[in-house]
Amino acid sequence: MTNSLVFVLNCGSSSLKFALVDSKTEHQILSGLADSLGSTSPFLKVKYNGNKETIDLASGTMHQGAIDTLVSLLEEYKLDDAIIAIGHRVVHGGEKFKSSALITAEILSEIDQVSQLAPLHNPANIVGIKAAQQAFASLPQVAVFDTAFHQTIPEHAYLYALPYSLYKEQGIRRYGFHGTSHYYVTQQAAKMLNKPVDQTNIICAHLGNGASVTAIANGLSVDTSMGLTPLEGLVMGTRCGDIDPAINNYLVQNLGYSQTQVTDLFNKKSGLLGISELSNDCRLIEEAANDGHAGAQLALDIFCYRLAKYIASYTVPLGELDAVVFTGGIGENSDVIRANVLALLKIFGFTIDHQANLDARFGKAGFINGSTGPKAIVIPTDEELVIARDAIRLTASLEQ
Ligand code: ADP
């Protein structure tokens with residue numbers, strides 16, 4: 001194995017997604033997930049060479065333990081020596097990070113300072129960085145921020161209509177997330193549209209467990225649906241997206257919720273799960289809706305309606321629209337949701353090619369629009385590749 005591998009890590013509070021990307025071929029040669037960390041039955045799933053393996057971890061194992069187990073596995077597969085850099089997905093970079101950064105003690109402390117804007121996300125990223133620094137002490141580590149791509153959004157789009165001092169003094173504004181995915185998809189869309197990126201105008205819907213839409217003008221993010229945190233915007237798997245902020249107060253004052261319970265309700269018990277009272281998993285919701293489950297159908301209807309409204313509103317910051325693009329687990333696989341959303345946007349002239357819509361699933365990119373109206377494209381995202389490329393780029397600058 002040549003020395004060209006980047007180990008990409010994405011740490012959540014109780015999970016850790018990872019991939020080993022060969023920077024020469026740009027292929028993932030190993031990937032997987034450690035989940036239920038800190039619980040009585042944490043486990044590690046690894047995909048390598050076409051084989052899938054599940055390893056039970058000791059009760060209470062956290063990120064450090066999972067990474068240590070992974071390192072042993074990489075040694076067993078004789079891959080450890082070929083790793084030349086570690087790339088970390090970091091959720092919030094605030095206004096400080098407009099691009100990826102080589103992690104030094106100073107950078108880590110700056111990521112820590114941003115944590116107050118993302119208390120549910122950044123602390124887990126920091127734990128992951130520290131664990132990786134212990135496990136791979138001699139390797140350069142790079143942070144790639146979910147917010148960075150959105151730093152081109154203009155002030156009139158990122159400011160909330162709150163007292164200006166809350167922005168100036170406390171940094172309360174819309175930051176946006178999924179930037180790595182929106183960036184990657186924009187580059188791919190430009191290729192498929194046969195246009196230079198800096199002349200590409202798209203609306204990109206990243207629909208996974210978390211979901212966001214971004215308006216991209218001349219290759220740059222000019223508006224996005226997530227806000228100070230990833231809670232704002234679309235209906236998501238378990239997050240509510242946009243709601244009247246007074247609901248918070250109502251739950252606390254009239255229904256006796258604590259602030260922690262409200263945060264938990266908005267982040268973990270709402271969205272597709274909350275409406276359907278069934279699941280946050282879009283596949284299950286679609287199956288249940290097919291079988292006549294009214295809650296599942298309602299969840300899908302609300303999901304599509306909110307998404308279509310956002311896409312319609314993002315024609316405002318774009319001078320022209322080259323295409324609407326779908327990505328993320330739902331965007332890449334759900335022909336049903338794509339067809340419903342394009343139907344809701346018929347005022348813009350969208351039509352759909354139903355066979356092309358069925359064909360563009362399970363990792364296949366393609367145009368799904370009919371012969372008239374604006375274009376609609378499905379593009380599988382690859383955040384790990386962007387992180388690996390940035391890790392290589394910044395590591396190379398270190399060597400000069
Ligand atoms: P994450 O945000 O955790 O990375 P993904 O991008 O993997 O999530 O997306 C997960 C979502 O994609 C889940 O709701 C899952 O049900 C949905 N999904 C995956 N495959 C399909 C499919 N064939 N049809 C509909 N939804 C799907």
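Atoms within a ligand are numbered from 1 in the order they appear, just like the ligands themselves. Side-chain atoms are counted along with the backbone in the values below, which use heavy atoms only and exclude waters and symmetry mates. Bear in mind the structure is a predicted one, so any value in this text is a computation, not a measurement.
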*Name of the residue among D322, T200, N201 meeting side chain to side chain donor-acceptor pair (under 3.5 Å) with K195*: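 That would be D322.
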*Cation-pi check, R173 to Y158: give yes when NZ or CZ is under 6.0 Å from the six-membered ring centre and within 45° of the ring axis, no otherwise.*
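Judged by the rule (NZ or CZ under 6.0 Å from the ring centre, within 45° of its axis), R173 counts as positioned above Y158.
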*asked:* Within the structure provided, determine whether D80 and V71 are in side-chain contact (heavy-atom separation under 4.5 Å).
replied: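 No. Closest side-chain heavy atoms not under 4.5 Å.
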Report every pair formed by an N or O atom of ligand 1 and a protein N or O atom separated by less than 3.5 Å, giving atom names and the distance to 0.1 Å.
residue	atom	partner	partner atom	Å
ligand 1	2 (O)	N209	N	3.0
ligand 1	3 (O)	K17	NZ	3.4
ligand 1	3 (O)	N209	ND2	2.9
ligand 1	4 (O)	K17	NZ	3.3
ligand 1	6 (O)	G329	N	2.9
ligand 1	8 (O)	N209	N	3.3
ligand 1	8 (O)	N209	ND2	3.4
ligand 1	12 (O)	I330	N	3.3
ligand 1	14 (O)	C282	N	3.0
ligand 1	16 (O)	D281	OD1	2.5
ligand 1	16 (O)	C282	N	3.0
ligand 1	16 (O)	R283	N	3.1
ligand 1	20 (N)	N333	ND2	3.4

_Going by the rule side-chain contact (heavy atoms from CB on, under 4.5 Å), which residues pair with D81 if we only count those two or more places apart in sequence or in a different chain?_
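Scan of D81 (side-chain contact (heavy atoms from CB on, under 4.5 Å), adjacent residues dropped) gives none.
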*With under 30° as parallel and over 60° as perpendicular, where do the rings of F149 and Y183 fit, or are they tilted in between?*
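Perpendicular: the ring planes of F149 and Y183 meet at over 60°.
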*What are the two closest non-hydrogen atoms of L228 and F177, and how far apart are they?*
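Result for this residue pair: O-CZ, 3.6 Å.
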